[in-house]
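Down below is the structure, laid out as structure tokens.
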Amino acid sequence: MKILVCISHVPDTTSKINFTEGNTKFDTNSVQFVINPNDEFGLTRAMWFKEKQGASVTVINVGGPDTEPTLRKALAIGADAAIRVNTPATDGFSVARQLAKVVEDGSYDLVIAGRESIDYNGGMVPGMIAGLTNANFVNTCISLDIDGTTATATREIDGGKETVTTSLPLVIGGQKGLVEESDLRIPNMRGIMMARKKPLTVLEPITTTPETSSVTFEKPAEKGAVKLVDPGDLDTLVDLLHNEAKVI
């Protein structure tokens, strides 16, 4: 079984976010980047298929050379090979087009992507890949087993869970629950050394036309000052909640 794991290169949640050029571009200075958490769950599940069922695992990213350390980390975790499509990730459709071309050329059986990345939270790429490649698709996937060409997946739905069966080729949008957090892997020294010898192929992009563009970014408003009310002064508390906070 050939597995392709899509890896997004995203800011660590502890990084301080700023924008430049009139709030039209993300400022990457002093920002630490990591593997997108939803993708990391998927990569860990792919490693299980590699170890238990002999699958081959390739990781892929759409981006510039600055994303290669993130791919190298995925290789250190245990992926067999990496691919970088040499173009900025401008919008969801363009990224999906690039990934779909690689999926078709590589004849992958299973594509594992995170249901969304934690930077822009678009949540559209996995479904677009499935549509462009005519593959089956399961989103918000929290469990996946493969037996031959049959896949059994569990996904979250409103108010519960749904278990479905389908056939390969398959694209999933994975998330927390696909593996336990305790199963996530930290690269060890041996893995880091081996990653240096594993292939990282750089592909030139196909021609695409972005369907969307970012006009401006805006950070959340700063929290206002806290007002303390004496525990016995219920009239003032009710007045503030009604007239200022407007929650009652």
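Below, all heavy atoms of this structure are taken into account, side chains as well, without hydrogens, waters or symmetry copies.
For Asn23 and Thr216, the side-chain atoms include no donor-acceptor pair closer than 3.5 Å. In this structure, a donor-acceptor pair under 3.5 Å is present between the side chains of Asn136 and Thr166. Counting only N and O atoms by type, the side chains of Thr154 and Thr163 include a donor and acceptor under 3.5 Å apart.
Side-chain atoms of Asp91 come within 3.5 Å of backbone atoms of Thr212 as a donor-acceptor pair (strictly under, hydrogens ignored). A donor-acceptor pair under 3.5 Å is absent between the side-chain atoms of Arg155 and the main chain of Ile142, judged by distance alone. A side-chain donor-acceptor contact under 3.5 Å links Asp39 to the backbone of Gly114.
When side chains are defined from C-beta on, Leu99 counts as touching Cys6, because their heavy atoms get closer than 4.5 Å. For the pair Val85/Val102, a side-chain contact is recorded, criterion being any heavy-atom separation below 4.5 Å from C-beta on. With contacts defined as side-chain heavy-atom distances shorter than 4.5 Å, the pair Ile60/Thr58 does not qualify. In this structure the side chain of Glu116 reaches within 4.5 angstrom of the side chain of Asn38, judged on heavy atoms. For the pair Ile112 and Ile3, the minimum side-chain heavy-atom distance is below 4.5 Å.
Comment: Lys16 does not engage Asp27 in a salt bridge, judged by the lack of any side-chain N to carboxylate O separation of less than 4.0 angstrom. Checked for salt-bridge contact, Glu40 and Arg185 miss the test: no charged N lies under 4.0 Å from a carboxylate O. Asp80 and Lys50 are joined by a salt bridge, as a carboxylate oxygen and a charged side-chain nitrogen come within less than 4.0 angstrom of each other.
Residues that satisfy the salt bridge (Lys or Arg N to Asp or Glu O under 4.0 Å) test with Glu156, not counting sequence neighbours, are absent from this structure. Under the ring pair (Phe, Tyr, Trp, His ring centres under 6.0 Å) criterion, Phe33 pairs with His9, sequence neighbours left out.
Applying the ring-ring contact (aromatic ring centres under 6.0 Å, His included) test to residues at least two apart or on different chains, the pairs with a partner in residues 214-248 are Phe19-Phe217.
Neither Ile129 nor Val5 shares a network with the other; the hydrophobic side chains, linked directly or stepwise wherever heavy atoms of I, L, V, M, F, W or Y lie under 4.5 Å apart, form separate groups for each. Two different hydrophobic clusters hold Ile35 and Ile186 under the rule that ILVMFWY side chains link at heavy-atom gaps under 4.5 Å.
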